[in-house]
Asks: 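Here's a structure for you.
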Amino acid sequence: MKKSVTPMLVLAALVVVAVMAISDSTNQTLPFSQNWSNPALITANNDWSGVPGIVGYLGDDNTTTATGVDPQTITGDYGVTVGVFANQGSNTAFGSGGPAEFDGLPDPTVGMQGSGTADAPHLIIYINSLGKQNLTLAYNLRDIDCGTFAITQQFNAQYRVGGVGAWTNIAGGYTANASSGVAGECTKVTPVSLPLPGACDNQADLRLRIMTTNAPSTDDEIGVDDISVTGQDIPTPTNKASWGKVKTIFRY
Ligand SMILES: [Ca+2]
Ligand SMILES: [Ca+2]
Ligand SMILES: [Ca+2]
Ligand SMILES: [Ca+2]
């Protein structure tokens, strides 16, 4: 008897293709960088397919309606909705929560702010660190929102090896307030440079997560710009004796 493909299977396949098409979570080798200077990376809402190795999420888990949540306390996956508001030009007064692309600024960037829906918007960076050690994650948090309000916009950075399990806070990765905290101010830059722990060395699937949370009252739009992930080559052993030594040093 001839086998037939059920409509449900066809639908499931189409959904899989659709999900795959809106992001490029290919693990990127080092050195990796992204400064958002190319306005063509993101051209349509919720489509990250032109951005190698970075995907933005709304963080719309909605298990909490609280504001001002410390992002260090969020260690599970938080919402799976891929999102970005594309082509916002220089409209940093844009009020919707989640990631957004401001490609018309003199220095373009992707930014994020929280909202009642986007409780914990975040970027995930997908890295292949095979052969690399002593990694560093760096980025600039930029207050790009000149709105007349003063709030506290928390940010945090975490890592995870592989696609499942808890996220681990990176030492020094918490920024208590990336907003200037001054009404109408939009020039503050918070440089962040984080040495990553040894667990991040030499991994085929390393993920780095940069997250903010819904601030009390109106959120400040904060750019996550000049992202880089760098590392050093793990020395290649030249003979059997030195290989033993290397294995001892880099055991974890
Ligand atoms: Ca930039
Ligand atoms: Ca664009
Ligand atoms: Ca501001
Ligand atoms: Ca808010």
Side-chain angles (χ1 to χ4, degrees), residues 21-24 34-71 73-74 78-79 82-123 140-156 175-192 211-227:
I22 57 171
S23 62
D24 178 3
Q34 182 54 262
N35 66 9
W36 309 115
S37 62
N38 180 359
L41 292 178
I42 297 172
T43 57
N45 285 347
N46 308 325
D47 186 348
W48 288 86
S49 61
V51 184
I54 302 179
V55 182
Y57 296 84
L58 288 185
D60 57 341
D61 187 77
N62 288 326
T63 54
T64 176
T65 54
T67 59
V69 172
D70 181 346
T73 65
I74 300 175
Y78 199 94
V82 172
V84 65
F85 295 98
N87 309 330
Q88 289 304 308
S90 58
N91 178 31
T92 55
F94 179 70
S96 296
E101 182 217 18
F102 300 97
D103 54 4
L105 292 173
D107 180 0
T109 189
V110 157
M112 297 192 292
Q113 63 183 348
S115 70
T117 301
D119 306 299
H122 54 277
L123 303 180
N140 285 322
L141 297 176
R142 296 172 50 201
D143 182 341
I144 55 174
D145 190 334
C146 306
T148 54
F149 42 84
I151 52 94
T152 296
Q153 199 74 51
Q154 304 175 80
F155 268 78
N156 189 44
T175 300
N177 191 6
S179 168
S180 68
V182 177
E185 208 283 338
C186 50
T187 58
K188 178 182 176 181
V189 177
T190 306
V192 178
M211 177 182 280
T212 188
T213 50
N214 183 17
S217 187
T218 305
D219 284 48
D220 216 2
E221 186 76 48
I222 304 295
V224 184
D225 203 3
D226 309 308
I227 297 168

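Remember, it's 1-based here, ligands and their atoms both numbered in the order they're listed. Side chains included, hydrogens not; waters and symmetry mates left out as well; all remaining heavy atoms used.
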Asks: Check whether any N, O or S atom of Ala40 sits under 3.0 Å from the Ca ion (ligand 2).
Replies: no
Asks: Are Leu41 and Gln34 close enough that some pair of their side-chain heavy atoms sits under 4.5 Å apart?
Replies: yes
Asks: What is the name of the N/O/S atom of Asp103 that is nearest to the Ca ion (ligand 2)?
Replies: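 That would be atom OD2.
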Asks: Taking both backbone and side chain into account, is any N, O or S atom of Glu185 nearer than 3.0 Å to the Ca ion (ligand 3)?
Replies: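 It does: Glu185 brings an N, O or S atom closer than 3.0 Å to the Ca ion (ligand 3).
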Asks: Between Asp220, Thr213, Asp219, which is the residue that forms a side chain to side chain donor-acceptor pair (under 3.5 Å) with Gln153?
Replies: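 Result for side chain to side chain donor-acceptor pair (under 3.5 Å) with Gln153: Asp219.
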Asks: Would you mind reporting whether Phe155 and Thr190 have side-chain heavy atoms less than 4.5 Å apart?
Replies: no
Asks: Work out the angle at the Ca ion (ligand 4) between O of Ala215 and OD1 of Asn214, rounded to 10°.
Replies: 90°
Asks: Suppose we screen for ring-ring contact (aromatic ring centres under 6.0 Å, His included). Which residues come up paired with Phe102, at least two apart in sequence or across chains?
Replies: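 Listed in chain order: nothing, the list is empty.
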Asks: Do the non-hydrogen side-chain atoms of Ile222 and Met112 ever get within less than 4.5 Å of each other?
Replies: no
Asks: Backbone or side chain, does Thr67 get an N/O/S atom under 3.0 Å to the Ca ion (ligand 4)?
Replies: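 So Thr67 does not count as coordinating the Ca ion (ligand 4).
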Asks: Examine Thr43 and say whether one of its N/O/S atoms is closer to the Ca ion (ligand 2) than 3.0 Å.
Replies: no
Asks: Tell me the angle that OE1 of Glu101 and OD1 of Asn87 form around the Ca ion (ligand 2), rounded to 10°.
Replies: 80°
Asks: For the Ca ion (ligand 4), give me the closest N/O/S atom belonging to Asp219, just the atom name.
Replies: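 For Asp219, the N, O or S atom at the smallest distance from the Ca ion (ligand 4) is OD1.
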Asks: Give a yes/no answer: is there an N/O/S atom of Ser217 under 3.0 Å from the Ca ion (ligand 4)?
Replies: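 So Ser217 does bind the Ca ion (ligand 4) by this criterion.
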Asks: Within the structure provided, determine whether Val192 and Thr175 are in side-chain contact (heavy-atom separation under 4.5 Å).
Replies: yes
Asks: Would you say the side chain of Leu123 lies within less than 4.5 Å of the side chain of Ile227, judging by non-hydrogen atoms?
Replies: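 The answer is yes, as the side chains (C-beta and beyond) meet within the 4.5 Å cut-off.
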Asks: Which atom, among the N/O/S set of Asp145, is closest to the Ca ion (ligand 3)?
Replies: O
Asks: With heavy-atom distances below 4.5 Å as the criterion, would you say the side chains of Asp103 and Ile42 are in contact?
Replies: no
Asks: Checking only N/O/S atoms, does Ile42 have one that is under 3.0 Å from the Ca ion (ligand 2)?
Replies: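 A backbone or side-chain N, O or S atom of Ile42 is under 3.0 Å from the Ca ion (ligand 2).
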Asks: Among Thr109, Thr92, Thr187, which one satisfies side-chain contact (heavy atoms from CB on, under 4.5 Å) with Arg142?
Replies: Thr109
Asks: With a cut-off of 3.0 Å, does Ile151 put an N/O/S atom close enough to the Ca ion (ligand 4)?
Replies: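 Ile151 does not place any N, O or S atom closer than 3.0 Å to the Ca ion (ligand 4).
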Asks: Angle at the Ca ion (ligand 3), OD2 of Asp143 to OD1 of Asp220, rounded to 10 degrees, please.
Replies: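 My answer is 110°, to the nearest 10°.
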